[in-house]
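Report on the structure given below.
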Amino acid sequence: MKANTKIKAIGTVLVKGHLITLANSLQKVGQGILNRLGIHPNPPSAQAIISHQLELFLELLPDIAFILDLKGKAIYSNVKMTSFLGMDWKSLKGLDFRDFIVPEYQEKAEKVLETIFQQGEVSDTHIVIKNNLDRRFHVLISAKLIQDAAGKDIGIMGIARDITEIVKVEEKFREIFRAIPDIAYIHDLKGNLMLVSRITEKKLGYPEPMILKMNIAEVLTEDSHKTALEKLSRIRTEKKVRDIPFTLINKDGYEIPMEARAILIRLEGQDCVLGIGRDITEKLEAEEERKKAEEEILRINNVLANLYKLHQITAKTHELQNILDMTVNSAIESLPIDACAIKIFNPEIKDFEVAAKKGLGKEYSRKRTKSLTESLSWQAFEKGKIIEEYDLKSIQSMAVDDGMASGLYIPLLVAVGPGEIGKEFYDKIGVLCIYVKERYKFSEEDKRRIEMFASYIAIRIREARLYKKVEELSITDELTKVYNLRGFRRRLEEKINICQRDGRPLSLLMVDPDNFKKVNDTYGHPAGDEILEKLVRALEEAVRGVDVVARYGGDEFAIILHNTDNASIRVVAEKIRKVIEEKSFRIEGYPDHIKIKVSLGGDSFTKALFKNAARLESAEIESIIGMLVDSVDKALYQAKKQGGNRAIIRNLANSIRGE
């Protein structure tokens, strides 16, 4: 039959019968099709056009499309359906869809109808149908109730897809899967077993038909089932999971430790989990033996491993406090202890200072029930050997306040050269205090490990101290003991960052004695150096503790003024000028009272001059320093040019704006 004749006939059926109501119920679907096609029907002919276009749409579908009445009898079938069943559409009309279902799937077909009537739809349901030549086809059916405008159920619309070839492949896959020489299984996303290998069947001790009615929860230990559920969520997102540990329980209750890998696959039209595992009983036994051997090796080499670990975390810093904090953390993690403290001896106060601690309260070592020389820490420090105590409560140790019962006190010593005959000279740094909450007798192995740990700490503390001294020397002017040019730039960078972060202004002054060459020529350079030292002390007295005085070069000095704006810097500069002008400098060996006058140049930096970033980049800081120093230098030159003994303050903001 020609397409137009067929469409017309279908239209006639729809109009003559009660199925005109069906056309009404499909109006939304049809309207969506019409809209996509750019067709906008007038209200009087909308139903007819929608029915017509819906018919065309269903005819073009690559899958089987059909419409049934509420009894399951065919009202409509598309070309794909008629060719699939080998019947024309007129012959199909009015036939019960059950007539095409093979006997073993009849019960399932009835359940499909029940589901549709209960839930309104069903999706991807596998059934087997036969055509007029009794040839069987596997199909996936999705169907939905259709209703009229009043919401009354009037029919069922369905789509079916031929999966016969897929099923054939799956059957071949099942044959191969059953022959896998390992424990292999497939279950759905609810854990219901769908397929197992023969080896799995043998291990479990159940016949395959019984296994396929079981859930994985029935063949796994409780812990393994929890693990399986956790891994299942990962499989859904990652599509595969490796090395899943689980324990099978066979028919006789015997537990079999397993290890499996799983992936997500499609089987019978649904997502499933395919897993392949192996019995790891022998592996675990070997692993246990290996662990015992490793533990023995670790006990022998544990101290070396701990020291190496500590070296890794402290090697990146020379900051003493960072080293100490990381050390006590590492000690707690690495040693069989509950608390520890590092006490460093301060010769100025002739007592210990707690430099770092872990596992101890705030009151630790704030007071002492015994004198310094009676304390266990002092005994270890003075004698240079380990002192141990297994009952701290009996001697009223401060550690008792933190609930500690036993203690070990190890001197922090570093061999720095030969001393008495047969001995070495040691740099005594302090004491490492080790505590345990229970009464505990430290073994000789414990003591050796802790003593080596303490030796490493002592070396790192001494290295940090030496590094700090070298660092200080590298940024300090040897003559005046204030920052040199390198130190000045470092502190200026820090202050600029603070200014940018907190929004506070920053000012810079350059101070240069007027005609200082005359002083050197008259009294000599040693005398000139002495006056420069005294001049620096006078500058330090004239500014605040938060301000920074530095020797910029020769007889020129720089002062970084914290939280000082362009108006305030003028007051500070004038104050410094007057202080120096009124001061008399005496040089040993000379009766003269030497008077010095200074010229000053200054300028200010504020956050508003630059972009409002939380922290400036290095290049931006360099740019700021360059502009600020250049502006201050020009101001100082102007003060000198105008006769000296004066302060010239520029305004960087105006300079940037070109004013």
Side-chain angles (χ1 to χ4, degrees), residues 104-105 107-108 124-128 138 140 163-291:
E104 54 266 39
Y105 275 82
E107 185 179 347
K108 189 172 184 179
D124 291 341
T125 300
H126 176 209
I127 62 173
V128 180
H138 294 264
L140 282 182
I163 59 168
T164 305
E165 293 304 318
I166 295 175
V167 170
K168 288 180 180 178
V169 172
E170 286 184 354
E171 288 174 352
K172 189 66 177 177
F173 167 76
R174 288 171 181 273
E175 293 178 14
I176 297 171
F177 191 87
R178 287 281 287 163
I180 291 176
D182 286 311
I183 291 179
Y185 56 89
I186 296 175
H187 62 75
D188 63 20
L189 297 185
K190 293 182 180 179
N192 299 313
L193 288 162
M194 301 169 63
L195 188 62
V196 295
S197 65
R198 292 186 180 89
I199 294 295
T200 307
E201 186 180 351
K202 182 178 179 181
K203 287 278 185 181
L204 291 175
Y206 300 105
E208 185 195 19
M210 185 179 293
I211 293 174
L212 300 187
K213 293 180 180 179
M214 301 172 76
N215 189 281
I216 56 172
E218 300 175 67
V219 294
L220 295 176
T221 62
E222 185 176 349
D223 289 342
S224 293
H225 185 232
K226 289 180 181 178
T227 301
L229 294 178
E230 291 171 2
K231 299 294 184 182
L232 185 58
S233 63
R234 278 186 57 196
I235 292 172
R236 288 177 176 176
T237 56
E238 300 175 17
K239 307 305 180 187
K240 63 180 179 180
V241 174
R242 294 185 174 184
D243 302 328
I244 307 172
F246 63 92
T247 304
L248 285 177
I249 304 176
N250 69 7
K251 184 179 179 181
D252 300 323
Y254 181 74
E255 294 186 358
I256 308 167
M258 305 293 302
E259 193 173 72
R261 295 184 177 185
I263 60 172
L264 199 66
I265 66 166
R266 292 284 292 180
L267 185 67
E268 296 182 3
Q270 62 179 316
D271 287 338
C272 306
V273 175
L274 183 155
I276 297 180
R278 58 194 177 95
D279 187 340
I280 57 170
T281 303
E282 293 183 0
K283 176 187 173 182
L284 292 179
E285 290 173 352
E287 184 73 13
E288 187 64 27
E289 292 298 320
R290 185 183 64 80
K291 282 183 179 179

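What you see below is based on every heavy atom in this structure, not just the backbone, and it leaves out hydrogens, waters and symmetry mates.
Under the rule for a salt bridge (charged side-chain N to carboxylate O under 4.0 Å, His left out), the partners of K283 that lie at least two apart in sequence or sit in another chain are E259. Looking at residues two or more places apart in sequence or on another chain, you find a salt bridge (charged side-chain N to carboxylate O under 4.0 Å, His left out) between E165 and K168.
Side chains of M214 and Y206 form a contact here, defined as non-hydrogen atoms less than 4.5 Å apart. K203 has its side chain within reach of D279: a pair of non-hydrogen atoms, C-beta onward, lies under 4.5 Å apart. Proximity of Q270 to M194: side-chain heavy atoms (C-beta onward) are separated by under 4.5 Å at one or more points. Using a 4.5 Å heavy-atom threshold, the side chains of I186 and F173 count as touching. Between H126 and V167, some side-chain heavy-atom pair lies under the 4.5 Å cut-off.
For E107, the CD atom is loosely surrounded, since the number of other residues' heavy atoms within 6.0 Å does not exceed 12.
Ring orientation note: the planes of H187 and Y185 are close to parallel, at an angle under 30° on the 30°/60° scale.
Here the CD1-CG distance, from I183 to L204, works out to 7.5 Å after rounding to the nearest 0.5 Å.
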Exercise answer: donor-acceptor pairs, residues 222-229 side-chain atoms, under 3.5 Å, sequence neighbours excluded:
unit_1 : atom_1 : unit_2 : atom_2 : d
S224   : OG     : T221   : OG1    : 2.9
S224   : OG     : T247   : N      : 2.7
T227   : OG1    : D223   : O      : 3.1

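Judged by distance alone, with hydrogens and angles left aside, the side-chain atoms of R278 form no donor-acceptor pair with the main-chain N or O of M258 at under 3.5 Å.
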